[in-house]
Amino acid sequence: MTQSAKPLAVITGASSGIGAAIARSLSNEGHPLLLLARRADRLEALGLPDAMCRAVDVTDTSAVIAAIDEAEAAYGPVDLLVNNAGVMLLGALDAQDTSEWQQMFNVNVLALLGATQAVLSRMKARNLGTIMNVSSIAGKKTFPNHAAYTGSKFAVTGITENLREEVADSGVRVMAIYPGAVETELLSHTSDEKIVEDYESWKNSMGGVLVADDVARAAIFMYVQPQGVNIRDITIAATRQPA
């Protein structure tokens, strides 16, 4: 592998959905990529050039760091980290298995912190870089049966804004995307069939929701602005999504 004219981008949860769509878009722009997810076969199936694919559990920060070190040795410093890995396990708080709370906070919050820490000091030293957190509209408002998930995404909101303020003077950008309902695998993680059925009915009532490429276009728009311009956050949803 050789150095590319475009800088390295790292994407967590890149095997499907929004992560895969952002990976394809960045690849089309000529960026070398480090793609991280549990399913290496799905990463390889994307067939993207100059893409290092590593089967990594994002909650294992040491494994994330090792993969980043390997990618930087091949492609140069990380210019963009997209913290996209996430899990949505919907449930009524009085009935939900508490292990699902732990899983969501481990992936949605702690893994995001770990990946961010892995690149942040190097970005600050270079006075250059972008950290983009893919959150959710549930990081701004509440929804039925979303209490624990919303809590994890509100945490992402607070982390993103707090970190942005801390590192602004270093020239490093920290930004967030808040998608509404998107047609991805995310809903399939929920085990309560009635909640899934109601969610699907809600999506159908809007005549359809976003697709992953809609979110990817917003992500690329945010990233390609000059380094001195930080689009701090974008909320994107289907026009007919009322909440």
Is any side-chain heavy atom of [X] less than 4.5 Å from a side-chain heavy atom of [Y]?
| X | Y | result |
| --- | --- | --- |
| Thr142 | His146 | no |
| Ser27 | Pro49 | yes |
| Asn83 | Met132 | no |
| Asp192 | Val196 | no |
| Leu33 | Leu48 | yes |
| Thr12 | Val82 | no |
| Asp60 | Ser62 | yes |
| Leu163 | Leu120 | yes |

Would [X] and [Y] count as having a side-chain donor-acceptor pair, cut-off 3.5 Å?
| X | Y | value |
| --- | --- | --- |
| Thr160 | Asn162 | no |
| Asn133 | Tyr178 | no |
| Thr130 | Asp79 | no |

In this structure, are over 12 heavy atoms from other groups packed under 6.0 Å from Glu165 atom CD?
-> yes
Is atom CZ of Arg38 surrounded by more than 12 heavy atoms (other residues, nucleotides or ligands) closer than 6.0 Å?
-> no
Minimum heavy-atom distance between [X] and [Y], given as atom pair plus value:
| X | Y | answer |
| --- | --- | --- |
| Ala67 | Val56 | CB-CG2, 4.4 Å |
| Ala92 | Ile195 | N-CD1, 4.3 Å |
| Ile234 | Met222 | CD1-CG, 3.5 Å |
| Arg24 | Leu46 | NH1-CD2, 3.7 Å |
| Ala115 | Leu81 | O-CD2, 3.5 Å |
| Ser25 | Ile220 | CB-CG1, 3.6 Å |

Please assess Leu36 against Ile11 for the test side chain to side chain contact (heavy atoms under 4.5 Å, CB included), listing each intermediate value before the final yes or no.
-> CA-CA 6 Å; Leu36 303 178; Ile11 306 169; over 6 Å; no
Is there a path from [X] to [Y] through hydrophobic residues (I, L, V, M, F, W, Y) whose side chains come within less than 4.5 Å of each other?
| X | Y | result |
| --- | --- | --- |
| Phe221 | Leu80 | yes |
| Val10 | Leu35 | no |
| Val211 | Val215 | no |
| Val119 | Leu34 | yes |
| Val58 | Ile177 | no |

Do any N or O atoms from the side chain of [X] and from the backbone of [Y] form a donor-acceptor pair under 3.5 angstrom?
| X | Y | answer |
| --- | --- | --- |
| Arg173 | Tyr223 | yes |
| Ser152 | Phe105 | no |
| Asn127 | Ser170 | yes |
| His31 | Leu26 | no |
| Ser121 | Gln117 | no |
| Gln227 | Leu128 | no |
| Asn108 | Val87 | yes |
| Gln225 | Asn230 | no |
| Thr184 | Leu186 | yes |
| Lys124 | Val172 | no |

Note: [X]-[Y] ion pair, threshold 4.0 Å (strictly below):
| X | Y | value |
| --- | --- | --- |
| Arg42 | Glu185 | yes |
| Lys140 | Asp233 | yes |
| Glu161 | Arg164 | yes |
| Arg217 | Asp213 | no |

If a pair satisfies side chain to side chain donor-acceptor pair (under 3.5 Å) and one of its residues is in residues 199-209, list it, with sequence neighbours excluded.
-> Glu183-Lys203, Glu200-Lys203
With side chain to side chain contact (heavy atoms under 4.5 Å, CB included) as the test, would you mind laying out the steps for Leu110 and Leu113 before giving the verdict?
-> CA-CA 5 Å; Leu110 298 181; Leu113 288 169; 4.3 Å; yes
Looking at His189 versus Tyr149, is the centre-to-centre ring distance below 6.0 Å?
-> no
Distance, nearest 0.5 Å, that separates [atom1] of [X] from [atom2] of [Y]:
| X | Y | atom1 | atom2 | result |
| --- | --- | --- | --- | --- |
| Leu187 | Met88 | CG | CE | 5.0 Å |
| Arg122 | Ile68 | CZ | CD1 | 7.5 Å |
| Asn145 | Thr150 | CG | OG1 | 10.0 Å |

Review item, side-chain donor-acceptor pairs of residues 16-23, under 3.5 Å, at least two apart:
unit_1, atom_1, unit_2, atom_2, d
Ser16, OG, Arg39, NH2, 3.3

How far apart are the C-alpha atoms of Val78 and Met123, what are their side-chain angles, what is the distance that settles it, and do they pass the side chain to side chain contact (heavy atoms under 4.5 Å, CB included) test?
-> CA-CA 8 Å; Val78 175; Met123 287 183 174; 4.0 Å; yes
Show me the side-chain donor-acceptor pairs of residues 97-104 shorter than 3.5 Å, one per line, residues at least two apart or across chains.
unit_1, atom_1, unit_2, atom_2, d
Asp97, OD1, Ser99, N, 2.8
Asp97, OD1, Ser99, OG, 2.9
Glu100, OE1, Gln96, NE2, 2.8
Trp101, NE1, Gln96, OE1, 3.2
Gln102, NE2, Asn106, OD1, 3.1

